[in-house]
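Comments concern the structure below.
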Amino acid sequence: MSNATSDITLSARNLSRRFGQREVVHSLSLNLARGEVLGLLGHNGAGKSTTLQMLTGALAPHSGQIDICGFDLARQPEQAKARIGFLPEIPPLYREMSVDDYLLFAARLRRLPRARLAGALAETKRRCGLQDAGRKIIGALSKGYQQRVGIAQAIIHQPEVIILDEPTAGLDPSQIRDIRALIRELGDAGSVILSTHLLGEVESVCDRVEIMHHGRLIYGDSSARMQQYGHQPGFIVTLLAPPEISELQAISGVLHAERLSATQFRVLHPADANPGAVLLALAAQRGWRAEQLVPLQSSLEDVFVKITGGGAQ
Amino acid sequence: MIFTIARKELRSLFAAPSTWLILGALQFILAWFFLVRMDAFLQVQAQLAHLASAPGATQAVAAPLFGAAALMLMLLVPVFTMRMIAEERRNRTLALLLTAPVSCAQIVLGKFVGLLLFLLPVVAGCLLMVSALGMGTQLDNGLLLANALGLLLLAASYGALGLYVSSLTAQPAVAAIAALAALSGLWLVETGAAGSDSAWRALAPTSHFESFNAGLFDSGDLVYFLVFCAAFLLLAVRRLNNNRMYG
């Protein structure tokens, strides 16, 4: 493992999975590097959960291979699984146990040495904000706390690959913010895959995005670049004393100008030449009373819809 | 790893109030039965004294008590095994075990060992109760130990079958009813068999317990119980493995 691939923590090749005749995941390949947070994005039913279950060994793929830190998940399951922490869609919590007992059980199950148990428990509870909940019974905790316990069990053995299936589902906004901060922190030390259908989550925590649609990965890039996908540069300018549209069209660098309302115009331009400054200078000169100029920004929602080709068919 | 799972299983069993209630009721019924047998034995003791080879207290009181406990366990073991895998599946906690670095065999064995540790006090309770007779009379220790071992083996075989049935479904109640049906079916096979040496009789765990109950330690019966347990545990392991294959 000391070769060049040492910072690839998870690699999956050509994974396929059928349920009956229906192919849910189709020839999917994926790499995850250390220090990376990968967002797996897709509609409900796109195959995200199935993929994550295969990556953690809860479900066997019909074909394909998964390596976790150099260990084949099918051939050396114990070494590979000891390096994974998994939070399924529904947190696997024993409702009748106390938080401490449950986390210690999870740690022992992942073969954490006895001497490190107490330290790992205290550290994990601190990271997940569970310091005061140790002796409480899990079934009596609120949804937000249960979700935190779910995350705590996934990270208590300090795994190199952390896989979270919709970690912020059903939480309130402040809890979502806390958990996103935690995920970001986890991503800096190890590597994280999270599935979500919330685009804001991708924007705020993920380094990289893979979009899944009908069981295939159809798009993968950094989340910053995803926002630029298919994006036409341009701006919206407000002119209180508007000129004729042809005058705007005539400015050099303007590809297309269009009247949105009585005073608002949308101006598109090529990526390498921005006619904004020229337009404002001209506006001052001719008395168009320019009020504001706002760059066009495509929302992640637009991008997502564009990539997946409209709604879920 | 097996022990980690066994310990958790034991804790889960004792975390439920119903477990304590059932154990208490079981002990109460067995104690009642014990006293009734004692009473009957004391009434006929004077006549028994004239017989050449009269049954002693162990044979007249202890053996029937173990027989009663065997019947009670047939009804109660399914209640304890029903949740072991079915509830994990229903509450989606099975994912924790399946994604942990443990094999399906370790999961099943862990649960089975936990169940055995749980049933041990039930057998020990019977043994202790009968040992109290030792204060007033001479006990047949061989007969007592054969009974205790037989009861433990019988409980283990019930537990293995219950564990397998629990691995088939996601509904604990269904698991309990199905396990009870299977166990009483085996019991009916035994009581319904015509001859005492019928091959059908050999199928039922209860018929193999009978020789232990009579103080007979037959290695054939021991092998039967071990094979019975191993077969159902293997089936449960296979079922969990299939869980991975078929979701």
Side-chain angles (χ1 to χ4, degrees), chain A residues 17-20 24 49-50 52-62 68 71 73-74 76-98 101-112 114 117 137-139 150 153-154 157 159 161 163 165, chain B residues 1-21 80 82-111 113-114 118 166-167 170 172 237-247:
Chain A
R17 173 77 211 192
R18 295 181 303 274
F19 285 112
V24 176
S49 287
T50 306
L52 296 189
Q53 282 182 325
M54 285 195 289
L55 293 179
T56 54
L59 201 62
H62 279 117
I68 311 283
F71 294 105
L73 189 60
Q76 299 160 291
E78 298 195 353
Q79 285 96 324
K81 283 179 180 178
R83 288 166 174 77
I84 305 176
F86 179 40
L87 170 70
E89 208 169 351
I90 297 166
L93 304 175
Y94 294 106
R95 300 177 58 83
E96 75 279 2
M97 286 173 106
S98 76
D101 286 344
Y102 173 70
L103 292 179
L104 285 175
F105 171 64
R108 285 198 194 97
L109 210 53
R110 271 72 165 266
R111 300 175 188 277
L112 198 70
R114 184 182 288 264
L117 282 179
I137 301 298
I138 292 174
Q153 64 79 22
H157 54 302
V161 181
I163 298 182
D165 198 350
Chain B
M1 223 17 76
I2 291 175
F3 187 68
T4 302
I5 296 174
R7 209 171 89 172
K8 188 252 134 203
E9 216 50 53
L10 207 53
R11 286 179 94 123
S12 293
L13 275 169
F14 280 119
S18 60
T19 306
W20 294 94
L21 197 71
F80 297 127
M82 67 176 182
R83 294 168 58 205
M84 294 200 126
I85 297 174
E87 190 159 84
E88 300 245 17
R89 190 172 281 138
R90 192 177 61 170
N91 292 346
R92 310 295 187 93
T93 48
L94 203 54
L96 180 70
L97 296 177
L98 290 181
T99 59
V102 291
S103 65
C104 289
Q106 284 172 320
I107 296 173
V108 170
L109 273 180
K111 286 178 177 290
V113 169
F118 170 78
S166 181
S167 76
V237 172
R238 272 193 63 98
R239 182 65 194 83
L240 272 193
N241 261 326
N242 284 349
N243 219 72
R244 227 167 237 166
M245 298 312 293
Y246 305 116

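Proteins come first, then strands; the chains are lettered A, B, ... in the order of their sequence lines, and each starts at number 1.
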So B:Leu96 and A:Tyr94, do their side chains get closer than 4.5 Å, heavy atoms only? yes
For the candidates B:Arg7, B:Lys8, B:Arg92, B:Glu87, which exhibits the highest count of non-hydrogen atom pairs separated by less than 4.5 Å from chain A? B:Lys8
Could you walk me through whether B:Thr93 and A:Tyr102 pass the side chain to side chain contact (heavy atoms under 4.5 Å, CB included) test, one step at a time? CA-CA 12 Å; B:Thr93 48; A:Tyr102 173 70; over 6 Å; no
Closest heavy-atom pair, B:Ser103 versus A:Glu78, reported as atoms and distance to 0.1 Å, is N-OE2, 4.1 Å
Walk me through it: do A:Leu109 and B:Ile5 pass the test side chain to side chain contact (heavy atoms under 4.5 Å, CB included)? CA-CA 8 Å; A:Leu109 210 53; B:Ile5 296 174; 3.9 Å; yes
Which heavy-atom pair separates B:Met1 from A:Arg111 by the least distance, and what is that distance? CE-CG, 3.6 Å
Less than 4.5 Å apart, side chain to side chain, heavy atoms only: is that true for B:Ser12 and A:Glu96? yes
Under 6.0 Å from the CZ atom of B:Phe3, do we count more than 12 heavy atoms belonging to anything else shown? no
Counting heavy-atom pairs under 4.5 Å with chain B, the top scorer among A:Leu93, A:Ile84, A:Asp101 is A:Asp101
If only atom types and distance count, is the side chain of B:Arg244 paired as donor or acceptor with the main-chain N or O of A:Gly57 below 3.5 Å? yes
Under 4.5 Å from any heavy atom of chain A - which part of B:Ala15: side chain
Applying side chain to side chain contact (heavy atoms under 4.5 Å, CB included), run through A:Lys81 and B:Thr99 and close with a yes or a no. CA-CA 6 Å; A:Lys81 283 179 180 178; B:Thr99 59; 5.6 Å; no
Mind listing the closest non-hydrogen atom pair of B:Ala95 and A:Pro88 along with its distance? CB-CG, 3.9 Å
Given a strict heavy-atom distance threshold of 4.5 Å, which part of A:Gln53 is in contact with chain B: side chain, backbone, both, or neither? neither
